[in-house]
Amino acid sequence: MGNITVKKIDTSRPMTFLERIYIWEILRGLWITNRHFVVNMFFHILNLFGIKTKRKGAVTIQYPEEHRGWHRRLRTRHYLARREDDSPRCVGCMMCETVCPANCIYIVAHDHPDPNVEKQADKFTIDMGKCVYCGFCVEVCPEDAIRMDSGHLEICSYTREDMIYHIDRLLEQHHDPSDYKNHEEWMEEYP
Amino acid sequence: MLGELILKTIIIVVVVNTVLAFGGFLTWVERKQSAVMQDRIGANRASILGLRLWGLFHILSDGIKMFAKEEFIPRTDHRKLFLVAPFIAWFFALMGFAVIPFSNTLHVAGYELSLQIANPQIGILFAFAMMGMTIYGLVLGGWASNNNYALLGAMRGAAQMISYEIALAAAVVGPLIVYHTLNMQEIVLWQAKLWGGWLPLWGIVVQPLAFFLFITAGAAGTKRVPFDLPEGESEIIGFNLEYSSMRFGAFMFTDFVEKILVSCLAVTVFLGGWQVPFLTENGFVFRGETLLALSPLVIWLIQPAAFFLKVCVVIYVLMLVRWTLPRFRYDQLMHLGWKIMLPLAFANIVITGFVLLVLKA
């Protein structure tokens, strides 16, 4: 039973007299917050009278009206791509359904009339309420049929049934680049 | 007699409604000021017909929300006390405004017209008594909640508020020695003097230490951050733990009303009340020269506006402190109250008395 010794390391410097009486430090703190208020209020008032300034009164991004844009590698809601002749690219190979860790994809397929094409999907259902956005389905797809760059991320509904996306809803979506920012633009704004 | 009754009733209605409206307004001010200080925008989503007005409608939506929420009443032996406790605090906080002079007395057609509900000789003692009574609402609420945490919060609150009530009263004794009166209107009238012909001899000039102590103790007495232990938002050991719906709202509103009361007292005792520098009964006078002659009615209207402006400044400072400093620990709180502020207040009394004696001799 030996004694336990703890090595004490004291890196703090002793407080100065002004810091110890505390009041001066309070006033310094109040000065900082007050400066923030006055400076921000100045820019708010300038903006209120329609004077555009580079520096805004607040750093807030008011989300539904404006948003900061998405990185070009962001995975957003799935959609099913089409071929040149507008038919779905999906050949119903079940790869995505198999790989899906959340078990949110459900496919029913039948033979395609064209012998060069394996199958075609009758039902292709994704439960967005279950999806974990891992992107495995996109990685695994041999036909590049399922994609996750639709640019839609605000998926919400009042019922669970509305969260289940059937093949018609998945096919009508396209790649929408408007919310995506290219990397250079992104780095410029948020370095 | 009847005319005076009607007049007083009108003044009471005006004062109470102004205070309540201003209290509601302060909920918005508190949100917005903190937001601007922290580089944010603050609540601005509530709108009527697309009109947002910088979130002013949040006052309304908060009220509607409070009323619409389910009211939960815990199983307790003190159901009546539980129900009535928030309104006890609310009532006494409002009672304090009875003696605050918002303007000078105007003599019109035999009536004394003054925006002051009552003007007793012991005015400031009445205000302090009413402020002290708000503790009852808090303790009764905590006691009747039948919840150990609420009781703990109420006990902490009672200990804190009584401790600082003493410092508050002791801080104000210094100025009272100087003014030689307890009458609120006379306190304000005393501060009309000019020192050296240019510096308004307000309480803050005569008693700077007392002003500082008063503001600090006032913030503590009204449970403001950094002294918000009774409420204890982060650890939820507050006296209002079991309250919901509008009764919780009443407690929260009492806080704002009390804050206005403390600001009004600070303005009356230390910042010259309704006095405007160089504004005499004949208009603006500087070193014996009349710069701008005004009619008594205009002056009588300027005075409440000046009072309001001063109250706004004090409230701004209180809110600045609230959003700058972190909360004190309980032992630090008691240390500050009993070992620092109370001795300082007593020292202030002794020094004031001594200086007055020397000046008299």
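Each chain gets a letter, A, B and so on, in the order its sequence line appears, and its residues count up from 1.
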Using non-hydrogen atoms only, which part of [X] is less than 4.5 Å away from chain A: side chain, backbone, both, or neither?
X: B:Val317; result: neither
X: B:Trp54; result: side chain
X: B:Leu325; result: side chain

[X] [atom1]: over 12 foreign heavy atoms closer than 6.0 Å:
X: A:Glu84; atom1: CD; result: no
X: A:Lys56; atom1: NZ; result: no
X: A:Arg73; atom1: CZ; result: no
X: A:Phe136; atom1: CZ; result: no
X: B:Phe67; atom1: CZ; result: no
X: A:Tyr133; atom1: OH; result: yes

Practice problem: Using a heavy-atom cutoff of under 4.5 Å, enumerate the residues of residues 15-41 of chain A that contact chain B, numbered in order, or state 'none'. | Solution: A:Tyr22, A:Ile23, A:Ile26, A:Gly29, A:Leu30, A:Thr33, A:Asn34, A:His36, A:Phe37, A:Asn40, A:Met41
Self-check item: Shortest non-hydrogen separation from B:Asn44 to A:Gln62 and the atoms involved
Solution: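 Closest approach of B:Asn44 to A:Gln62, heavy atoms only: ND2-OE1, 3.2 Å.
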Quiz item: Minimum heavy-atom separation for A:Ala58 to B:Arg40, with atom names?
Solution: CB-O, 3.3 Å
Practice problem: For each of B:Gln38, B:Arg45, B:Gln33, tally heavy-atom pairs with chain A at distances under 4.5 Å, and name the one with the top tally. | Solution: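 Greatest number of close heavy-atom pairs with chain A: B:Arg45.
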